[in-house]
Undergrad: 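Pasting a structure below so you can have a look.
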Protein chains: 2
Amino acid sequence: MNENLINDLSRNNMISIGIIGLGYIGSGVLKLIESQKEYIKKKTGKLISIKRVVDKDIIEKAAMFEPLFGDEIIFSSNADDIINDPAIDIVVELVGGIDPAYTYVINSLKNGKYVVTANKDMIANKGESLFSAAAGNDVDILFEASVGGGIPIIGPMKSSLAANNISKIIGILNGTTNYILTRMQKEGLNFENALSVAQELGYAEKVNPSADIEGNDAACKLAILSSIAFNSRVVFGEVYKEGIKKITLEDIRHANDLGYVIKLLAIGSDEGGSICVRVHPALIPKDHILASINYANNAVYLYGNFVGEVMSYGQGAGDRPTASSVVGDIIQIARNFDRQHKKPIFGCTCFANKPIKPIDEMENKFYALMEVKDRPGVLAKIAAVFGGNNVSIESMIQKQTQEGGSAKIVFITHRVLNKDMFKSVKEIIKLDVVNQVLNIIRVEDLQ
Amino acid sequence: MNENLINDLSRNNMISIGIIGLGYIGSGVLKLIESQKEYIKKKTGKLISIKRVVDKDIIEKAAMFEPLFGDEIIFSSNADDIINDPAIDIVVELVGGIDPAYTYVINSLKNGKYVVTANKDMIANKGESLFSAAAGNDVDILFEASVGGGIPIIGPMKSSLAANNISKIIGILNGTTNYILTRMQKEGLNFENALSVAQELGYAEKVNPSADIEGNDAACKLAILSSIAFNSRVVFGEVYKEGIKKITLEDIRHANDLGYVIKLLAIGSDEGGSICVRVHPALIPKDHILASINYANNAVYLYGNFVGEVMSYGQGAGDRPTASSVVGDIIQIARNFDRQHKKPIFGCTCFANKPIKPIDEMENKFYALMEVKDRPGVLAKIAAVFGGNNVSIESMIQKQTQEGGSAKIVFITHRVLNKDMFKSVKEIIKLDVVNQVLNIIRVEDLQ
């Protein structure tokens, strides 16, 4: 072996990392790599070393980290210091949000660098152009950490499960809302109190918790998983969304009486070549394993035509689990690293172009809670509206009679078109025997 | 680009497979590859084609398969037809058992072929020499299908989770025993009846179900997972084993009263640099997610120092789930395939050499069910024996008094050394106030 080749082999075993963004996750990645560097080297033969760290507020942050790492790492405040450094092999983007993260990543790819990111917004909105830039430069962008924190799901879908046609994914993808619903379910807290507790514990953002509560976070993650599962690009804006604000303790109690719990689900399915993607609260059977995913945990359940049903479960957020996934991606790149012959790790797998089905055309089973006048003939009038709109009823329970001559009724429908249900509800609200329609929630029997 | 290079690139995108063993799993793999070939090509750019299939009873089997595949596949009965065919890139070993599978695999590796296998016995007994032969020939042996059927677990441990030190794995790794225990738990069948049902449904072998019932199957799988988790080779014979034959409905009822269910667990842990590996029935808390893994399903739960707790769940057996994992491994190899520059995919990660702790030295909490004389002073005598052997009692419940003046007592101990518990039981059996010690089962609080 000549000396150049030996040097080259040796250099392929030393991978230089640049981290852009030294916030909560970035600090976690920095600490993980520094503490596990020797372990990873023994395991993989690859030395992963952080060469540069960039953050816009680097002066104060570097003061925290520089004493720990001496002169090994160059701290600075300009992302171009990493993007344009020919010695950096992998850029780890942990800024979050679409801009300027997208610019950093595109420029890194164009400079022939591999990219690892935890940025769900960027992948769910700009995935197509990112993967195209990666392929055009014979590199790749890996993003295991963008969905489900430390839970391995994107890697397994791209390799161990890759032989399967996946027909359906059901995710509990947002820890904040799952935490709130679990506290409501188990301890009878109402939504506002459960949200306050989640905010105090740092599970929900204090100033504006809406990205979680309204389902935007879960919708980004579902767009990412669905693109991989169905081999066709799904973007954030295509996901139908309902949040959990409207869920009351009363709904949870009625669901419980019927054998269900309420979870915020992110569901993607391929229905005859059309993709259905939706995030909404749903009643699921108490004895399904997804019903036991509680507090801030996440899970992804999927159906493959050979593997059958599989589920991955774990902590869906936090600096350490997320860092685990980021560094898992770095190791995946490092194992295959060849500076002279770069190539994609997985590449984009969206070879199809499937239409997205609008919510109106999707079919669901529904729970409907109404407050009605407590007198004969009420059910006949409501049933007539449902019947006239092709909505057939699976079961109906009249709950306690209220003061003032009103009563509560819970309906469970069969599977019906969403538009037929929406139309029924609009008409039912106008009936003189109906005081109010308190809630409409989808039911997923998961069979 | 010159023509040779173009041809070479094109040949690296065509991967030729030879399958040895056309039984239940082999047929599943054959069918999967044939039905998903185009899909996999679109997804990965790689054409995976089966060139040869070998089985000792090939004449009758080929009659079934040849009409389906025309002349594309060469069927024969001699494994060397595959091992020595220079056109075969990946050998898929699905013979099972140690001999002659081991010889086929070693010879394939020596001939520079990648190997994919579902053979837990071979990996758990002969792993070290297999990985060494793979490394020595710049290829690799992948074995996702050897543990947990279609559940992705080995791949994720080798990549997404690779940055973690794993301190503990808890597996429900044998579908047969989990099916039997679930039927006992949920429907009150006794062990013999539940076993018969499992045999009728094909979950347990009819002639000799002992490999499942006595924990050998789970012990092989635990040896494989522990070697990866703790970076140190664990072989089948090093795993402590107790089966489920001794579990009675009475144990299940007492466990239920105490808030537990009984599962056959495979537990591996790194305790201060020593490896503890054991397969035995255990009481686990009803509200832990592992308690909801029912029927023939499998799950692997693990603790990593960054990721925290994660779990994978799915069907642990069957031709289609197992084929999913086998082909997942083939895809993993195909993605990185370069006929001119072969190299390991993951390589062996057992860089450490940790001692195995003997069962006597491990600590556990125990459930003990005894039948005793129903008279004063009994508890004092038993407690004196426990106390004299350093076994402290967490709780004690006297169950119903029996006819003939006897009573049942359930003890739950604190965490104690196994040898101290074993010694206590030997002495307690000899007490005149004790009719019999009905069962001793470990308790895992999983906290």
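Below, chain A is the first sequence line, B the second, and so on; all start at residue 1.
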Undergrad: Is A:Phe346 close to chain B through its backbone or its side chain, or both, or neither, when contacts mean heavy atoms under 4.5 Å?
TA: both
Undergrad: When rounded to the nearest 0.5 angstrom, what distance separates OG in B:Ser160 from CD1 in A:Ile153?
TA: 9.5 Å
Undergrad: Flag yes if more than 12 heavy atoms outside A:Lys41 fall under 6.0 Å of its NZ atom; otherwise flag no.
TA: no
Undergrad: So, applying side-chain contact (heavy atoms from CB on, under 4.5 Å) with A:Met311, which one of B:Ile293, B:Ile289, B:Asn297 is it?
TA: B:Ile289
Undergrad: Are there over 12 heavy-atom neighbours, none belonging to B:Lys186, within less than 6.0 Å of that residue's NZ?
TA: no
Undergrad: Just so I understand: if I count every heavy-atom pair under 4.5 Å between each of A:Asn298, A:Leu161, A:Val326, A:Leu142 and chain B, which residue has the most?
TA: A:Leu161
Undergrad: For the residue pair A:Tyr39 and B:Asn164, confirm or rule out a side-chain donor-acceptor distance under 3.5 Å.
TA: no
Undergrad: I'd like to know which of A:Ile151, A:Asn231, A:Ile345 tops the heavy-atom pair count under 4.5 Å against chain B.
TA: A:Asn231
Undergrad: Can you check whether A:Ala162's main-chain N or O pairs, donor with acceptor, with B:Lys43's side chain at less than 3.5 Å?
TA: yes
Undergrad: Do B:Gln36 and A:Asn165 meet the criterion of a side-chain donor-acceptor pair at a distance under 3.5 Å?
TA: yes
Undergrad: Work out which heavy atom in B:Val307 is nearest to a heavy atom in A:Ser324; give both atom names and the distance.
TA: CB-OG, 3.6 Å
Undergrad: Out of A:Ser325, A:Gly318, A:Pro152, A:Gly314, return the one with the most heavy atom pairs under 4.5 angstrom to chain B.
TA: A:Pro152
Undergrad: Name the region of A:Thr44, side chain, backbone, both or neither, that has any atom closer than 4.5 Å to a heavy atom of chain B.
TA: neither
Undergrad: For the interface with chain A, which of B:Ser159, B:Pro156, B:Ser312 has the highest count of heavy-atom pairs at distances below 4.5 Å?
TA: B:Ser159
Undergrad: For each of B:Val327, B:Ile331, B:Asn294, tally heavy-atom pairs with chain A at distances under 4.5 Å, and name the one with the top tally.
TA: B:Ile331
Undergrad: Distance-only, no hydrogens or angles: does the A:Arg320 side chain make a donor-acceptor pair with backbone N or O of B:Gly308 under 3.5 Å?
TA: no
Undergrad: What option among B:Asn336, B:Ile40, B:Ile330, B:Ile33 has the most heavy-atom pairs under 4.5 Å with chain A?
TA: B:Asn336
Undergrad: Below 4.5 Å from any heavy atom of chain A, which atoms of B:Asn305 appear? Answer side chain, backbone, both or neither.
TA: both
Undergrad: Based on non-hydrogen pairs under 4.5 Å, which of B:Ser292, B:Gly45, B:Gly155 is most in contact with chain A?
TA: B:Ser292
Undergrad: What part of B:Glu144 lies closer than 4.5 angstrom to a heavy atom of chain A: side chain, backbone, both or neither?
TA: side chain
Undergrad: May I ask you to name which of A:Gly347, A:Gly328, A:Ala352, A:Gly28 has the most heavy-atom pairs under 4.5 Å with chain B?
TA: A:Gly328
Undergrad: Sort B:Leu32 into side chain, backbone, both or neither according to what part of it lies under 4.5 angstrom from a heavy atom of chain A.
TA: both
Undergrad: Minimum heavy-atom separation for A:Arg335 to B:Lys343, with atom names?
TA: O-NZ, 3.5 Å
Undergrad: Could you tell me whether A:Lys342 atom NZ has more than 12 heavy atoms of other residues or ligands within 6.0 Å of it?
TA: yes
